[in-house]
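It should be emphasised that the depicted structure is a prediction, and the values quoted were computed from it without experimental measurement. In what follows, chains are A, B, ... by sequence order, proteins preceding strands, each numbered from 1.
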Amino acid sequence: MKYQKPKGTADILPPFSKEWQFVEQNARETFALYNYEEIRTPIFEKFEVFSRSAGDTSDIVTKEMYDFDDKGGRHIALRPEGTAGVVRAFVENKLYGPEHQKPVKVYYMGPMFRYERPQSGRLREFHQIGVEAFGSDSPKIDVETIMMGMDFLKKLKVSGLKLVINTLGDKESRDRYRQALIDYLEPHFEELSDDSKARLHKNPLRVLDSKDKNDQKIVENAPEILDFLTEDAQKHFTSVKEELDTLGVDYVVDSSMVRGLDYYNHTIFEIMIADSPLGKGDVTICAGGRYNGLVEELGGPEVSGVGFGLGVERLLLLLNAETQTTLQSKQLDFYVVGIGDLVQNDVLKVVHELRQMNFVTEQDYLDRKPKAQFKSADKLNAKYVVTIGESEMNDRVFKLKDMHSGEERTVALSEINTLKDLLK
RNA sequence: GCGGUAUUGGCGAAGUGGUUAACGCACCGGAUUGUGGCUCCGGCACGCGUGGGUUCGAUUCCCACAUACCGCCCCA
């Protein structure tokens, strides 16, 4: 093979591209109901946009960034996630200005890049759909974001949804908790895994998320963030829970849940799927939360934000079999069979007219015999076949065959408009 | 970044250190000089991921590289 796609990339071919369109369309429709509008930002940004926002200790920055120096010597990175670029655009375009209704609600969808070892459902170029809302500290917007994510997944008929929430509190809560965690973990330092040792002082919250069995055991009795919340943080989280209760949404609080990105605080949430093609047990399909402070971090005013992101490749694996079958099935209204060179002009006109009537219409382009053309019509799942041979041409008619029933009748060319009623 | 497995026609898949690389599906043609879904017949890999090496001779052995998949790490 002379050329292969770059490692960790994928071609999205028909009919699977239909599934992508389906997901994207449902996302647009769902978000529109919540009055979110689309924002499109560059696929690459200055490296610092991501390193500043994600946190210097995050894995994304330290080892997964797809970065390079361009010809002008600029340090560029392909976006590893959507939020940083949106925040940069929010600040640069001064969407925090008084003329913009708050909160500013936007969504995006598109490719993201992480330089890592590909595995199934994990590519170097992958796609995310995400939303962000800026300018409200109200728990209402936290809840709305969560509901929107749930609605979207429900609309796609993804089953087994499970909502898990937690809070990271505000800065004060987090600082207090951070210290408590360090105090708790330090006596166990020697028992910790190497990764956790490294994280203990840089970002102790991440230790909670360790996959190491022994770490998990140590962490089991660690102090919980919920006990270190300031009054305000406590209130915020309580409101979020109450509103979810009001809406009758089931959820569980997992106080050990953290985030891979450093910019989150207050409410964080994950929508998980129990036992799915993604793996046994609960797997996260959609993750998000609040990120007050990030706008300032990127040079803007003190404006809060909340959002979520979800991976499209993973989501597609969760579409149920019926949805996939429906989306992938071929459907043609008409196939026009022409017999002989003399009728080509009539075929041309009929095909054109059928398309003008909004019928999905196909014809033969390979000068094949009627038998082969009918075979194609069958393969393409055509509902009707129009046949034009020399005799039909001379009589100014065409044959119309219902491929399902097999019935065939003759229609005058001048009456072609009556076909409008055929398919409702 | 580390470890394991794999790579044969459009797809699936057998196979051997030696002058014909099974089979199935799909596709094309014919049986049926203008009509599909069934049947029968025929066609379809100067080639076995790429590049080296060993050998009289390699798709089959060795090495390197590429890519895919699985696991670790991490996460979407």
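- A cation-pi geometry, defined here as NZ or CZ lying under 6.0 Å from the six-membered ring centre and within 45° of its normal, holds between A:Arg124 and A:Tyr115.
- Nucleotide B:C75 holds its P atom 12 Å from the CE atom of A:Met272, rounded to whole Å.
- Under 3.5 Å, the side chain of A:Thr387 and the base of B:G34 form no donor-acceptor pair of N or O atoms.
- The separation between A:Asp364 atom CG and B:C28 atom C1' is 13 Å, rounded to whole Å.
- Of all heavy-atom pairs spanning A:Leu310 and A:Phe308, the tightest one is CD2-CE1, 4.1 Å.
- Less than 4.0 Å separates RNA chain B from no heavy atom of any residue of residues 161-169 of chain A.
- On a pure distance criterion of 3.5 Å, no polar donor-acceptor pair joins the side chain of A:Gln373 and the base of B:U35.
- Under the Watson-Crick or G-U wobble criterion, with both distances below 3.5 Å, B:A13 has no partner in any strand shown.
- Contact annotation: side chain of A:Glu392 to base of B:G34, donor-acceptor pair present below 3.5 Å.
- Counting atom types as modelled, A:Arg122 pairs a side-chain N or O with a base atom of B:C74 as donor and acceptor under 3.5 Å.
- In this structure, A:Tyr335 contributes its side chain and A:Lys375 its backbone to no donor-acceptor pair below 3.5 Å.
- Taking the C1' atoms as reference points, B:U7 lies 16 Å from B:A45, given to the whole Å.
- Residue A:Gly82 is classed as having no contact, given no heavy-atom separation below 4.0 Å to the nucleic acid.
- Side-chain contact, A:Asp137 with A:Ser304: a donor N or O sits under 3.5 Å from an acceptor N or O.
- The separation of B:U35 from B:G51, taken at their P atoms, amounts to 48 Å, rounded to a whole angstrom.
- Atom-to-atom, NZ of A:Lys375 to C1' of B:C38 comes out at 11 Å; the value is rounded to the nearest Å.
- Within the 4.0 Å cut-off from OP1 or OP2 of B:U35, not a single side-chain nitrogen or oxygen of A:Lys401 is found.
- Atom name C1', nucleotides B:C28 and B:C72: the rounded distance is 49 Å, in whole Å.
- The closest side-chain donor-acceptor pair between A:Glu297 and A:Ser53, if any, does not fall under 3.5 angstrom.
- Under the Watson-Crick and G-U wobble criteria, each requiring two contacts below 3.5 Å, nucleotide B:C46 is left unpaired.
- Remark: P of B:U33 and NZ of A:Lys371 are 10 Å apart, rounded to the nearest angstrom.
- A:Leu315 comes within 4.0 angstrom of nothing in the nucleic acid, heavy atoms only.
- Separating the P atom of B:C11 from that of B:A26 is a span of 15 Å, rounded to the nearest Å.
- None of A:Asp11, A:Leu327, A:Ile12 except one satisfies the side chain to side chain contact (heavy atoms under 4.5 Å, CB included) rule with A:Ser17; the exception is A:Ile12.
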(request) Apply salt bridge (Lys or Arg N to Asp or Glu O under 4.0 Å) to A:Lys105 and A:Glu144, showing your working. (result) CA-CA 11 Å; A:Lys105 299 170 168 184; A:Glu144 178 176 292; 2.9 Å; yes
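- Atom C1' of B:G36 sits at a distance of 32 Å from the matching atom of B:A22, rounded to the whole Å.
- Between the P atoms of B:C61 and B:C46, the separation comes to 22 Å (whole Å).
- Atom-to-atom, CD of A:Glu116 to C1' of B:C72 comes out at 13 Å; the value is rounded to the nearest Å.
- Rounding to whole angstrom units, NZ of residue A:Lys5 and P of B:U7 are separated by 17 Å.
- With respect to A:Asp346 and A:Arg396, a salt bridge is recorded, a charged nitrogen being found less than 4.0 Å from a carboxylate O.
- When both distances must be under 3.5 Å, the Watson-Crick or G-U wobble mate of B:C69 is B:G4.
- Of the side-chain N and O atoms in A:Lys369, none sit less than 4.0 angstrom from OP1 or OP2 of B:U32.
- Residue A:Ser391 is in base contact, counting any heavy-atom pair closer than 4.0 Å across all strands shown.
- Across all strands, A:Leu310 comes closer than 4.0 Å to no nucleic acid atom at all (heavy-atom distances).
- Applying the 3.5 Å distance criterion, the base of B:G3 shares a donor-acceptor pair with the side chain of A:Arg117.
- Between the CZ atom of A:Arg79 and the C1' atom of B:C75 there is a distance of 18 Å, rounded to whole Å.
- Nearest approach of A:Met109 to A:Ala27, heavy atoms of both residues: CE-CB, 3.9 Å.
- Checking side-chain atoms of A:Asn320 against main-chain N and O of A:Glu322 turns up a donor-acceptor pair under 3.5 Å.
- Across the strands present, B:U20 finds no partner; the criterion is a Watson-Crick or G-U wobble pair with both atom distances under 3.5 angstrom.
- Looking at heavy-atom distances under 4.0 Å, A:Gly406 makes contact with a base.
- Across all strands, A:Glu313 comes closer than 4.0 Å to no nucleic acid atom at all (heavy-atom distances).
- Atom-to-atom, CG of A:Leu123 to C1' of B:C69 comes out at 12 Å; the value is rounded to the nearest Å.
- One P atom belongs to B:A14, the other to B:G9, and the distance between them is 13 Å to the nearest Å.
- Nucleotide B:C61 forms a pair with B:G53, judged by Watson-Crick or G-U wobble geometry with both contacts under 3.5 Å.
- For the P atoms, the distance from B:G30 to B:G15 is 37 Å, rounded to whole Å.
- Taking a pair to require two hydrogen-bonding distances under 3.5 Å in either a Watson-Crick or a G-U wobble arrangement, B:C74 remains unpaired.
- If you check B:U39 for Watson-Crick or wobble pairing at under 3.5 angstrom, you find it paired to B:A31.
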